[in-house]
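Comments concern the structure below.
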There are 2 protein chains.
Amino acid sequence: MSDRNRTKPISMDAMLFLTDDQLLQGIELMYFAYKGFTSDPDRILQNYTYGRAHHRAIHFINRHKGLKVNDLLDILGITKQSLNRVLRQLVDDDLVDSRIGTKDKRERNLFLTDKGIALERELSDAQRKRMRAAYRAAGPEAVQGFRLVLEKIMDGETRQRLQRITDT
Amino acid sequence: MSDRNRTKPISMDAMLFLTDDQLLQGIELMYFAYKGFTSDPDRILQNYTYGRAHHRAIHFINRHKGLKVNDLLDILGITKQSLNRVLRQLVDDDLVDSRIGTKDKRERNLFLTDKGIALERELSDAQRKRMRAAYRAAGPEAVQGFRLVLEKIMDGETRQRLQRITDT
DNA sequence: GTATTAAGTCAGCATTATTGACTTTATAAG
DNA sequence: CTTATAAAGTCAATAATGCTGACTTAATAC
């Protein structure tokens with residue numbers, strides 16, 4: 001019998017349920033949970049002419065009121081051309097207000113209008129309700145763990161980008 | 001002062017960090033984590049002619065070897081016509097083997113070929129690596145919580161569907 | 001023998017993303 | 001002051017993934 005076999009009776013991997021199958025289960029869980037997570041807004045958005053892209057724009061404009069177009073592009077990780085169509089619709093439909101920057105007039109600061117705030121409410125209420133129910137059912141400790149793992153799954157790049165925006 | 005105010009000094013919501021802002025943070029976390037979660041496979045798939053839809057098909061055919069086309073449609077929650085394009089490509093490219101059912105000859109049982117198994121490996125290795133790192137960094141208790149909350153976020157319908165397939 | 005089921009197909013359309021090539025306006029650098 | 005850079009916006013073409021509707025083929029069920 002080798003040294004290796006004698007000195008590693010309980011591996012770190014075993015403690016963490018890190019068998020390939022357990023990891024695959026986690027991966028699936030992530031997929032299905034995300035599907036549930038987006039299902040409420042998706043259903044609501046069907047009543048409008050909007051899709052997920054609009055939802056995301058509305059969400060982040062609400063979270064970071066007055067953010068610049070470039071910041072939004074940075075957060076979403078999409079191209080200017082991709083956002084353009086969506087943002088133009090939202091501005092045309094009077095959900096988003098695009099104000100010329102006070103310091104630098106090239107910049108546009110984005111805000112939700114009252115109409116935009118109303119839609120944001122409708123969307124996030126549904127999503128919050130689901131999260132609240134899940135949190136309740138799972139309990140406070142589970143929520144702590146949930147958040148911790150999600151943070152670690154995120155790209156480091158994304159984490160930094162978020163930090164940058166939040167600091168501003 | 002009303003009874004209600006006196007008897008509820010610390011609410012269940014407060015214990016669970018259920019303020020609207022905390023919930024919104026959880027929602028964002030979910031969005032960004034999912035983005036990170038899919039980034040590795042997405043990068044790999046760019047080297048092929050495939051996308052996320054192909055990945056999902058490959059994943060579930062691997063997880064439930066020999067599953068029927070209808071089962072796969074059920075799991076993915078998409079239409080037959082949507083899957084068709086993807087599945088045909090995978091069969092044409094010799095990644096998936098579609099065998100006529102032994103009991104009911106109308107049915108097709110789906111399997112990965114050696115080539116399909118190789119791609120599945122490449123994709124899931126990357127994803128597992130990320131999950132393993134996140135699990136390690138967060139610790140066993142956090143992982144427990146993570147899984148518990150994700151289960152609760154899922155649609156009840158989805159949970160039942162999964163159960164149905166797993167039992168088979 | 002007819003109805004139903006499983007699978008597969010074709011056509012057309014919508015959403016969301018991409019790249020490339022520009023324009024306009026405003027600020028920064030020389 | 002002129003030129004370079006930067007922020008925003010636009011047009012066109014393309015791709016991936018989903019949808020609905022309308023079918024066909026083959027096999028099983030009644």
Side-chain angles (χ1 to χ4, degrees), chain A residues 31 34-35 38-39 41-59 61 66-92 96-111 168, chain B residues 31 34-35 38-39 41-61 66-93 96-111 168:
Chain A
Y31 167 67
Y34 192 75
K35 201 167 179 179
T38 55
S39 64
D42 283 352
R43 201 174 344 92
I44 292 167
L45 288 161
Q46 280 188 327
N47 302 330
Y48 302 81
T49 8
Y50 307 129
R52 250 182 229 187
H54 301 84
H55 180 197
R56 289 202 281 263
I58 288 171
H59 171 92
I61 293 171
L67 92 173
K68 294 179 286 178
V69 173
N70 257 342
D71 292 339
L72 187 53
L73 289 174
D74 211 31
I75 292 176
L76 296 175
I78 59 174
T79 60
K80 186 177 42 165
Q81 296 93 325
S82 294
L83 181 61
N84 179 266
R85 204 186 301 109
V86 166
L87 200 53
R88 192 169 38 186
Q89 272 183 285
L90 293 176
V91 170
D92 286 352
V96 167
D97 190 8
S98 174
R99 301 185 204 154
I100 292 173
T102 48
K103 212 182 65 185
D104 186 333
K105 288 178 186 169
R106 287 172 305 180
E107 297 174 348
R108 298 293 130 91
N109 296 117
L110 303 172
F111 298 89
T168 309
Chain B
Y31 168 66
Y34 192 75
K35 201 168 180 179
T38 55
S39 64
D42 283 353
R43 200 173 348 90
I44 291 168
L45 288 160
Q46 280 189 327
N47 302 330
Y48 302 82
T49 10
Y50 308 129
R52 251 181 228 186
H54 302 85
H55 181 194
R56 288 201 281 262
I58 288 172
H59 171 92
F60 286 110
I61 293 171
L67 92 173
K68 294 179 286 178
V69 173
N70 257 342
D71 292 338
L72 187 53
L73 288 174
D74 211 32
I75 292 175
L76 297 174
I78 59 174
T79 61
K80 186 177 43 164
Q81 295 93 325
S82 294
L83 180 62
N84 180 266
R85 206 188 294 115
V86 166
L87 200 53
R88 193 169 37 184
Q89 273 183 282
L90 294 176
V91 170
D92 286 352
D93 294 353
V96 168
D97 189 10
S98 174
R99 300 185 205 155
I100 292 173
T102 48
K103 214 181 64 185
D104 187 332
K105 289 178 186 170
R106 286 173 304 181
E107 297 176 349
R108 297 294 131 89
N109 296 116
L110 303 173
F111 297 89
T168 308

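In this text, all values refer to a predicted model and were calculated from it rather than measured experimentally. Here is how names work: the chains are called A, B, and so on, in the same order as the sequence lines, proteins then strands, and each is numbered from 1.
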Would you tabulate the side-chain donor-acceptor contacts of residues 50-57 of chain A under 3.5 Å, counting partners in other chains and residues two or more places apart, or write 'none'?
{"residue": "A/Y50", "atom": "OH", "partner": "A/D93", "partner atom": "OD2", "Å": "2.4"}
{"residue": "A/R52", "atom": "NE", "partner": "A/D42", "partner atom": "OD1", "Å": "3.2"}
{"residue": "A/R52", "atom": "NE", "partner": "A/D42", "partner atom": "OD2", "Å": "3.3"}
{"residue": "A/R52", "atom": "NH2", "partner": "A/T38", "partner atom": "OG1", "Å": "3.2"}
{"residue": "A/R52", "atom": "NH2", "partner": "A/D42", "partner atom": "OD2", "Å": "2.7"}
{"residue": "A/H54", "atom": "ND1", "partner": "A/G51", "partner atom": "N", "Å": "2.9"}
{"residue": "A/H54", "atom": "NE2", "partner": "A/Q89", "partner atom": "OE1", "Å": "2.9"}

Could you tell me the separation between the [atom1] atom of [X] and the [atom2] atom of [N], rounded to a whole number of Å?
{"X": "A/L110", "N": "D/dA7", "atom1": "CG", "atom2": "P", "result": "14 Å"}
{"X": "A/Q46", "N": "D/dT20", "atom1": "CD", "atom2": "P", "result": "9 Å"}
{"X": "B/L76", "N": "C/dA7", "atom1": "CG", "atom2": "P", "result": "13 Å"}
{"X": "A/L73", "N": "C/dT19", "atom1": "CG", "atom2": "P", "result": "13 Å"}
{"X": "B/R99", "N": "C/dA7", "atom1": "CZ", "atom2": "P", "result": "16 Å"}
{"X": "B/N84", "N": "D/dT24", "atom1": "CG", "atom2": "P", "result": "17 Å"}
{"X": "A/H55", "N": "C/dT15", "atom1": "NE2", "atom2": "P", "result": "17 Å"}
{"X": "A/L87", "N": "C/dT15", "atom1": "CG", "atom2": "C1'", "result": "17 Å"}

Spacing of CG belonging to B/D71 relative to CD1 belonging to B/I61, to within rounding of 0.5 Å: 11.5 Å

Non-neighbouring partners of [X] that pass side-chain contact (heavy atoms from CB on, under 4.5 Å), sequence neighbours left out:
{"X": "A/N70", "value": "A/L73"}
{"X": "A/R99", "value": "A/D97, A/F111"}
{"X": "A/D74", "value": "A/R161, A/R164"}

Contacts of type ring-ring contact (aromatic ring centres under 6.0 Å, His included), residue B/Y31, not counting sequence neighbours: A/F60

Letter per nucleotide, 5' to 3', of nucleotides 12-19 of chain D [B base touched, S only sugar-phosphate touched, - untouched; heavy atoms, 4.0 Å]: ----SBBB

Heavy-atom side-chain proximity of B/L110 to B/K68 below 4.5 angstrom: no

Qualifying residues under side-chain hydrogen bond (donor to acceptor under 3.5 Å, both in side chains), relative to B/S98, sequence neighbours excluded: none

Set of side-chain hydrogen bond (donor to acceptor under 3.5 Å, both in side chains) partners for A/R85, sequence neighbours left out: none

Extract from the structure each pairing of a protein N or O with an N or O of nucleotides 24-29 of chain C at less than 3.5 Å, listing the distance.
{"residue": "C/dT27", "atom": "OP1", "partner": "A/K105", "partner atom": "N", "Å": "3.1"}

Of the listed nucleotides C/dG8, D/dA7, C/dA6, the one nearest the side chain of B/E107: C/dA6

Sugar-phosphate only, base, or nothing, as touched by A/N70 at under 4.0 Å among non-hydrogen atoms: sugar-phosphate

